[in-house]
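In this chain, numbering begins with 1 at the start of the sequence shown.
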Amino acid sequence: MVILGVILLACTITILAAEFLRRRAHPLPAYGWIGLLSLLIAEALMFHGIEPVATFFTPIAWTAYALIADAAVFAVRGHSRLRDAPGQFARLALLSIPLWLIFEAYNLRLANWTYAGGWQLSLPVRWFAYGWAFATIWPGIFLTADLVESFGWWDRPSRPIFFSRTVQNVFMAAGAVLLIVPVLLPARLGSYLFGAVWAGFILLLDPINFRLGLPSFEGDLASGRRGRFLSFLIAGWVCGWLWEFWNFWAAAKWHYIFPIMQGSKIFEMPAAGFAGFPPFAVECFVMYYFAAWLLGWERPLPAQTTSRTEEMRAPGARLTSRPLAIVPWILLAALLCPQLAHAGSLNLPEAARHGLDLLYAGRSEEAAALFRQVQAADPEGPLGYVLEAEARWWQIYCEACEVKWNTIDAWDRPRVAADKDYLDLADRTITVAESRIALADSAEMQLYAEMGWMLRARFLGLRGDHLGTARAGVNARAHALRCLQLDPQMADAYTGLGLYNYYADTLSPMARLLRFLMRIPGGSKQEGVRQLQIAIDKGDVLRVEARFYLAKNLRTFDLDYARSLEVFSPLTDEFPRNPIFQLIQGDILAKLGRGEQAAASFRQAEQLSSGQTLCDRHMRALAGRSATAFAGISTEH
């Protein structure tokens, strides 16, 4: 559906451009051409992944767009916000930051989106980037509305529409309910109700703005003017498509993680979500004028309406106390702050921790037995199943190891009847975890679901099922993002996210094209390495796997053997009796030209393999052949 999104955006921009050319009365100012050239250059650099543009693309693009849109308004009208009132425009951009932070506060509770990707930035630079991006939101909406309104599509007066005092009060009460109820409900229910927030501020604030004598849509309708209201609706539609189009390709981006409609996305946004952008634009208008009045930046307009309008604005209905008007915002903050979603770290039973120690020490059968005890203690939980599947995975990996392209790894796996047990365990993990999530969302269950999909993805990859691997990887990524949204300290979640980002950036050109056509999100190798390092440094249950796969990836894809050895060596230091770890370390040492050390690691792997299981026999034979190949070779480095 990415292609559908591109087509719809192209049609929208074509209509605006055609109408602009038809209505233009003045040359486009120079800053408009500068904005257009800047946008084209930024697009080219972003698509090639050139930093820092790829990370800062969103604020760069919207700053350039603001110049283009304002210049277009001037070319049609002969006046514009930036040319005629730069101070007011600056206030609009400045106020855009705290106004958007209101929605970020809601998102802390309702968890509808999260941010990921891009360069690893220091905290001050990161906050600067956020502030710059947030400062473009309200100007983008207002300038687009100015452009649409300049076309004169609704200049002819229409029949006035009035709302009684009672109706106004009903609107305000309904708006307050829509804003407060989503944060009062449990988080798993409130996450479905973010749409209520988009409507709530409109219903609450527009009648207040009307009574204050501020610009308002109710005042426009009462005066027979509908152009501004319709222009803001269209502005929301236009900006929504631009936001999602540019976000989809950017290195630093947001991901939508709300619990519905995730299967039908256009760019990163579920298709039905685009219906929220027009009301959001209307919301931007009413929020700005109310907030600007609180700050003393906006004053009531001179009375230019009918006597009936003045009746609706009876003095007794006016709000004149700014401190009193701040009370609803204080109440909203009080509601949000104590109820921020939080999930604790993993609390693994002793049998699970002991089993993991045995597993990474190379004793997978003993580990699996302990993991079955965890299952027996909690048959309705996913932990025992996912850990037993981990134990089975290491056996499968061991059996599939071979030398190919002069590298030791598990490259492919023929269909084996016993593999059904492994897939059943992975699927059981996913089913149980996702069922628990449906009842009560938590970071822990999101992590287990992520692990289940990771286990499925790596196995299907061995079988050569690229489509199945991609789908499983996308699901693992979605659970990882949601896990980190619920608990940013759950460092284990970075394992699946890091692997996804890394592998998505190593695809062939043909695979990248297929990924684009299938709407599969892209990745960043640099970001993947960073995320895996977080899992290594701060993770719990997946820290060993994060280290193992990061070292292998550095060896296989980046050919950075020195760094690969640096990452991998702590595994053999901590678990010296694991033959798989000794075998892979020997392969890395061989690539560094350290023949004697490589042969020693291969001999160690051979001696540690008892030969009692299929895995052991295979490992012993492979390690013996490798050790023989390096016998007598002196160390070169």
Side-chain angles (χ1 to χ4, degrees), residues 356-368 390-414 416 458-459 461-462 532 536 543-637:
L356 285 170
D357 289 339
L358 290 173
L359 175 61
Y360 296 126
R363 298 156 65 180
S364 58
E365 285 293 344
E366 296 173 60
E390 284 282 353
R392 298 303 174 205
W393 165 253
W394 284 102
Q395 293 173 346
I396 291 170
Y397 180 87
C398 172
E399 295 167 8
C401 272
E402 60 180 314
V403 179
K404 186 180 288 189
W405 297 298
N406 200 34
T407 298
I408 299 175
D409 208 343
W411 297 103
D412 51 55
R413 170 81 167 180
V416 178
R458 64 177 60 151
F459 181 80
L462 271 186
L532 287 169
I536 291 169
R543 65 176 181 84
V544 172
E545 294 211 12
R547 184 178 292 279
F548 180 81
Y549 281 100
L550 176 56
K552 279 203 318 108
N553 289 345
L554 292 170
R555 175 203 65 174
T556 305
F557 296 103
D558 291 339
L559 306 182
D560 189 346
Y561 306 129
R563 189 178 176 197
S564 175
L565 181 63
E566 179 185 351
V567 173
F568 197 89
S569 293
L571 290 180
T572 53
D573 293 341
E574 185 177 1
F575 305 105
R577 300 191 62 80
N578 187 321
I580 295 176
F581 292 169
Q582 292 291 345
L583 187 74
I584 299 301
Q585 179 172 269
D587 182 73
I588 300 171
L589 287 166
K591 288 177 168 51
L592 284 168
R594 302 180 186 180
E596 291 181 356
Q597 296 177 30
S601 286
F602 291 139
R603 284 194 296 269
Q604 181 77 350
E606 182 181 13
Q607 294 167 6
L608 291 171
S609 302
S610 64
Q612 295 177 355
T613 66
L614 176 61
C615 169
D616 284 338
R617 290 191 293 273
H618 180 70
M619 184 62 55
R620 172 171 284 190
L622 182 58
R625 291 195 301 270
S626 300
T628 301
F630 282 91
I633 298 179
S634 62
T635 301
E636 298 178 15
H637 298 281

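Ring pair Tyr397/Trp393 is tilted by interplanar angle, where 30° to 60° counts as tilted. Under the 30°/60° scheme for interplanar angles, the aromatic rings of Phe581 and Phe548 are found to be tilted.
Gln582 places a side-chain N or O within 3.5 Å of a backbone atom of Pro576 that can act as its donor or acceptor partner.
In this structure, CD in Gln395 is found 11.5 Å from CE in Met619, a value given to the nearest 0.5 Å. Atom CD1 in Ile588 sits 10.0 Å away from atom OG1 in Thr407 (nearest 0.5 Å). Atom CZ of Arg363 sits about 5.0 Å away from atom CG of Leu358, to the nearest 0.5 Å. With rounding to the nearest 0.5 Å, the separation of OG in Ser626 from CD1 in Ile408 is 3.5 Å. From Leu554, atom CG reaches atom CG of Leu550 across 4.5 Å, with rounding to the nearest 0.5 Å. Taking OG1 of Thr628 as the start and CZ of Arg603 as the end, the distance is 9.5 Å to the nearest 0.5 Å.
For residues 404-413, the pairs satisfying salt bridge (charged side-chain N to carboxylate O under 4.0 Å, His left out) are Glu399-Arg413, Lys404-Asp412, Asp409-Lys552, Asp409-Arg555, Arg413-Asp419, with sequence neighbours left out.
Salt bridge annotation for Lys591-Asp587: present, with a cationic side-chain nitrogen under 4.0 angstrom from a carboxylate oxygen. Between Glu574 and Arg547 there is no salt bridge, since none of the side-chain N atoms of the basic residue sits less than 4.0 Å from a carboxylate O of the acidic one.
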Pair Glu390-Arg458, salt bridge (charged side-chain N to carboxylate O under 4.0 Å, His left out): steps then yes or no:
CA-CA 11 Å; Glu390 284 282 353; Arg458 64 177 60 151; 3.7 Å; yes

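For Arg392, the salt bridge (charged side-chain N to carboxylate O under 4.0 Å, His left out) partners at least two apart in sequence or on another chain are Glu365, Glu388. Taking the disulfide (SG to SG under 2.5 Å) definition, one finds that Cys401 meets it with nothing, sequence neighbours left out. The ring pair (Phe, Tyr, Trp, His ring centres under 6.0 Å) check on Phe575 picks up Tyr360, with sequence neighbours excluded. With sequence neighbours excluded, the residues forming a side chain to side chain contact (heavy atoms under 4.5 Å, CB included) with Ala391 are Leu359, Ala368, Phe371, listed by chain and number.
When all heavy atoms are compared, the tightest approach of Ala400 to Leu462 is CB-CD1, 4.3 Å. Counting all heavy atoms, side chain and backbone alike, Asn406 lies closest to Val403 at CA-CG1, 4.2 Å. Here the shortest heavy-atom pairing between Arg620 and Ser609 reads NH2-O, 2.6 Å. Shortest non-hydrogen contact noted between Asn578 and Ile580 is OD1-N, 2.9 Å. The two residues Cys398 and His618 have their closest heavy-atom pair at O-CD2, 3.1 Å. Smallest separation of non-hydrogen atoms from Ala590 and Ala598: N-CB, 3.7 Å.
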Could you pull out all donor-acceptor pairs under 3.5 Å where a side-chain atom in residues 564-572 meets a protein atom, sequence neighbours excluded?
residue	atom	partner	partner atom	Å
Ser564	OG	Ala551	O	2.7
Ser569	OG	Leu565	O	2.8
Thr572	OG1	Ser569	O	2.9
Thr572	OG1	Gln585	OE1	2.7

